[in-house]
Amino acid sequence: MRSLFGLLAALLCVQPALAWEYWGGDRGGTRFSPLTQITTDNVGTLVRGWEFRTGDLGARPPEVMKRTKFEVTPLFVEDSLILCTPFNEVIALDPGTGAQKWRFDPQISMKQRPANRFVCRGVAHWTDERAAEGAACKSRIFTGTNDTRLIALDAKTGKPCADFGNGGEIKIDAGMKLEWPGEFQITSAPVTGHGVVVVGSAIGDNRRVDAPLGAVRAFDARTGQPRWTFDPLVHSGIEAGHSNVWAPMSVDEERGLVFLPTTSPSPDFWGGKRPGNDEHANSVVALRIETGELVWAFQTVHHDVWDYDLPAQPTLARIDTGSGMRDVVIQPTKQGFVFVLDRDTGKPVWPVEERAVPQNGAEGEKLSPTQPFPTHVPPLLTQRMTADDIGGMLPGVGSPACEKLLAQSRNEGLFTPPSTQGTIVYPMTGGGVNWGSAAFDPVNQILFANVSHAAHVITLIPRDQAKGFNPPPGHDFGQQEGAPFAMSRALANSEVGSPCNKPPWGETVAVDLKAGKILWHSSVGTSEDVAPLGIALNTGTPLLSGVAITAGGLLFTGAMDAYLRAFDVKSGQQLWLGRLPVPGVANPMTYLWKGEQYVVIGAGGHSEAGTSIGDSVVAFRLPRQGEGASLWTRLIDRPGGRFVLKVIEVALVLIALSGLVALLWRRRRARRSRSA
């Protein structure tokens with residue numbers, strides 16, 4: 001009975017998504033669904049309901065597909081699943097069959113090379129309450145593109161909204177000449193509220209000090225007329241380009257606020273020309289959505305030179321703080337911190353301490369002597385790699401390459417400054433938590449997030465050595481023009497290409513916010529998709545994507561192997577996994593259609609992570625009468641199943657060959673006997 005009352009109270013407080021109408025499930029990105037048809041008792045029986053192929057794999061050149069990241073989370077609106085492809089095609093599907101209902105192609109150029117690759121994490125939906133029933137574009141889909149257009153489509157037909165901008169689209173001006181067409185793009189879904197559509201941007205990192213501004217732009221959702229522009233970075237007295245918002249944003253419709261997770265200024269790894277704390281970079285920023293007026297900002301990193309920008313959607317929740325219920329903004333970070341801020345003021349709900357951090361940066365650097373550390377909620381992962389943490393691909397096997405790397409690099413813990421000798425940055429610049437963001441269970445007051453355990457080595461290269469520098473394989477190189485140093489970034493990997501630190505390399509973490517306590521960690525993913533012959537070691541995989549949670553007591557997540565998994569939210573125990581065509585490096589979602597609950601994930605792989613590449617969207621549901629798991633599903637569609645199958649195939653071939661050799665040998669002996 002208590003859980004029933006808790007669920008009812010949660011529904012009244014946060015209005016969770018019955019139909020997943022927003023990228024994060026609801027406007028505040030809680031990724032919580034009150035659906036209960038699929039439970040901990042029956043999740044083990046899930047079967048594949050349908051699979052949709054976008055067609056990209058066959059239609060696009062292989063060299064282009066190698067530059068894609070399939071990170072989309074579909075919306076469920078207007079009795080359709082609506083999603084975008086890495087090439088910004090918007091597609092509406094039948095929720096029960098996966099059949100295509102309509103498709104819109106903005107025809108972006110395949111010749112461009114987007115700085116963050118071809119990617120589209122999702123679209124936004126908005127209903128014009130002033131429009132007459134049945135009017136064209138009363139219900140709209142907004143999508144941003146890799147070539148920086150904001151497009152409005154009729155949600156029921158997919159046709160451009162003629163009254164929005166120029167024939168349904170707005171071309172966003174970066175404000176300066178780009179070094180190449182892909183330096184400036186849109187990767188995350190826009191957000192809407194109060195008749196306004198707001199869009200951020202992704203800008204190529206580490207190219208130059210004088211980079212395009214990271215302005216957030218708002219437009220009238222009906223006409224496309226500009227409403228406001230907000231540049232997070234205060235440029236007075238500094239020389240820098242962008243602190244942009246590439247990550248997903250959140251909206252509080254009642255308060256009329258939009259919440260921005262902002263990035264580090266350009267360039268990422270040297271800030272001598274931007275003295276001070278770089279307000280409002282690396283911050284949660286609250287703006288009036290109608291005017292762009294700054295309401296408050298809270299900075300999570302001062303003077304960032306580690307690329308520790310805010311990659312995750314701010315999660316809007318109502319929590320029990322121990323001294324009453326409060327509306328808050330929950331902001332996870334790449335460092336693994338969880339900041340919990342009052343939604344009206346931006347002040348921390350629990351204490352945040354300014355602690356001394358390593359100093360003695362590169363020549364000309366002006367580091368902040370302290371950084372903010374939350375004290376109530378513990379970090380979601382360790383924040384320093386030591387010699388004791390070094391492991392290899394196999395248990396108990398060390399790595400001389402990693403030991404040497406650790407010994408020769410600066411490694412003084414979190415916020416060790418970049419250096420010419422090389423600096424260990426742990427957690428890596430991809431997190432910790434990344435764009436997958438967190439999920440919040442309003443009934444049990446638990447926060448869930450995926451985290452990655454890996455390190456980067458950041459090396460500053462003096463300007464006189466940077467010209468003509470040829471980075472070794474696996475190294476990201478940035479000129480940082482206008483700064484005295486270029487930069488090189490590489491994963492801290494062993495001889496066999498695995499992370500230097502011991503597994504697990506990816507986990508889901510559950511946190512009791514009120515108690516300030518980690519409840520459980522669960523390793524997620526195997527080596528199957530990247531290891532030779534598909535060997536499935538239970539190492540966990542780096543996790544850029546996030547989770548979806550339900551009132552049925554379940555947490556769903558993808559990984560960098562080809563499975564969708566379900567975990568018990570109370571214990572972290574894995575209860576089920578479903579085979580995907582390729583890895584689902586995307587956030588899952590769930591919805592109810594004609595009495596059946598579906599769980600859906602984009603399964604197209606991730607080129608930066610080195611996974612196999614595809615173009616599928618896959619849905620799972622409970623079995624109907626006469627349906628059930630096949631022998632193949634039970635035995636082969638499991639981590640290691642295909643490796644065992646290959647071993648059996650090789651064994652059968654060897655047996656056949658040995659039999660053939662034996663037969664030939666007997667015939668040869670028989671011929672010799674007859675001739676003798």
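Just so it is clear, the values below take in all heavy atoms, side chains as well, and ignore hydrogens, waters and symmetry mates.
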With sequence neighbours left out, the residues meeting ring-ring contact (aromatic ring centres under 6.0 Å, His included) with F184 are none
Heavy atoms of L81 and P95 approach each other most closely as N-CG, 4.4 Å
In short, salt bridge (Lys or Arg N to Asp or Glu O under 4.0 Å) pairs touching residues 183-199 with sequence neighbours left out are E183-R208
Would you mind writing out the side-chain donor-acceptor pairs for residues 282-289 within the sub-3.5 Å range, not counting sequence neighbours?
unit_1: N282; atom_1: ND2; unit_2: D304; atom_2: OD2; d: 2.8
unit_1: N282; atom_1: ND2; unit_2: Y308; atom_2: O; d: 2.9
unit_1: S283; atom_1: OG; unit_2: H280; atom_2: O; d: 3.3
unit_1: S283; atom_1: OG; unit_2: A281; atom_2: O; d: 2.7

Hits for side-chain hydrogen bond (donor to acceptor under 3.5 Å, both in side chains) against D154, two or more places apart or cross-chain, chain-then-number order -> none
- prompt: Do R565 and W576 meet the cation-pi criteria used here (NZ or CZ under 6.0 Å from the six-membered ring centre, within 45° of the axis)?
  reply: no
Going through the distances and angles, do F620 and Y598 end up as a ring-ring contact (aromatic ring centres under 6.0 Å, His included)?
CA-CA 6 Å; F620 295 90; Y598 291 79; over 10 Å; no
Q | Short N-O contact, R103 and D105, less than 4.0 angstrom | A | no
Cationic tip of R140 within the cone over F164's six-membered ring, i.e. under 6.0 Å and within 45° of the normal?
no
Those residues at least two apart in sequence (or on a different chain) that pass salt bridge (Lys or Arg N to Asp or Glu O under 4.0 Å) with R53 are D615
Applied to residues 128-169, the disulfide (SG to SG under 2.5 Å) test, sequence neighbours excluded, yields C137-C161
Across all chains, not counting sequence neighbours, the salt bridge (Lys or Arg N to Asp or Glu O under 4.0 Å) partners of R222 are D128
For R130, the salt bridge (Lys or Arg N to Asp or Glu O under 4.0 Å) test, sequence neighbours excluded, returns none
Sorted by chain and number, sequence neighbours left out, ring-ring contact (aromatic ring centres under 6.0 Å, His included) with W102 holds for none
Here the ring-ring contact (aromatic ring centres under 6.0 Å, His included) pairs for residues 115-135, sequence neighbours left out, are F87-F118
- W246 vs R121 side-chain heavy atoms within contact, under 4.5 Å: yes
Salt bridge (Lys or Arg N to Asp or Glu O under 4.0 Å) filter on E51, not counting sequence neighbours, yields R48
Measure the acute angle between the ring planes of W296 and F259, then classify it against the limits of 30° and 60° as parallel, tilted or perpendicular. tilted
- Query: For the side chain of D26 and the backbone of F32, is there at least one donor-acceptor N/O pair under 3.5 Å apart?
  - Reply: no
Sequence neighbours excluded, the answer for side chain to side chain contact (heavy atoms under 4.5 Å, CB included) partners of R117 is K69, S607, E608
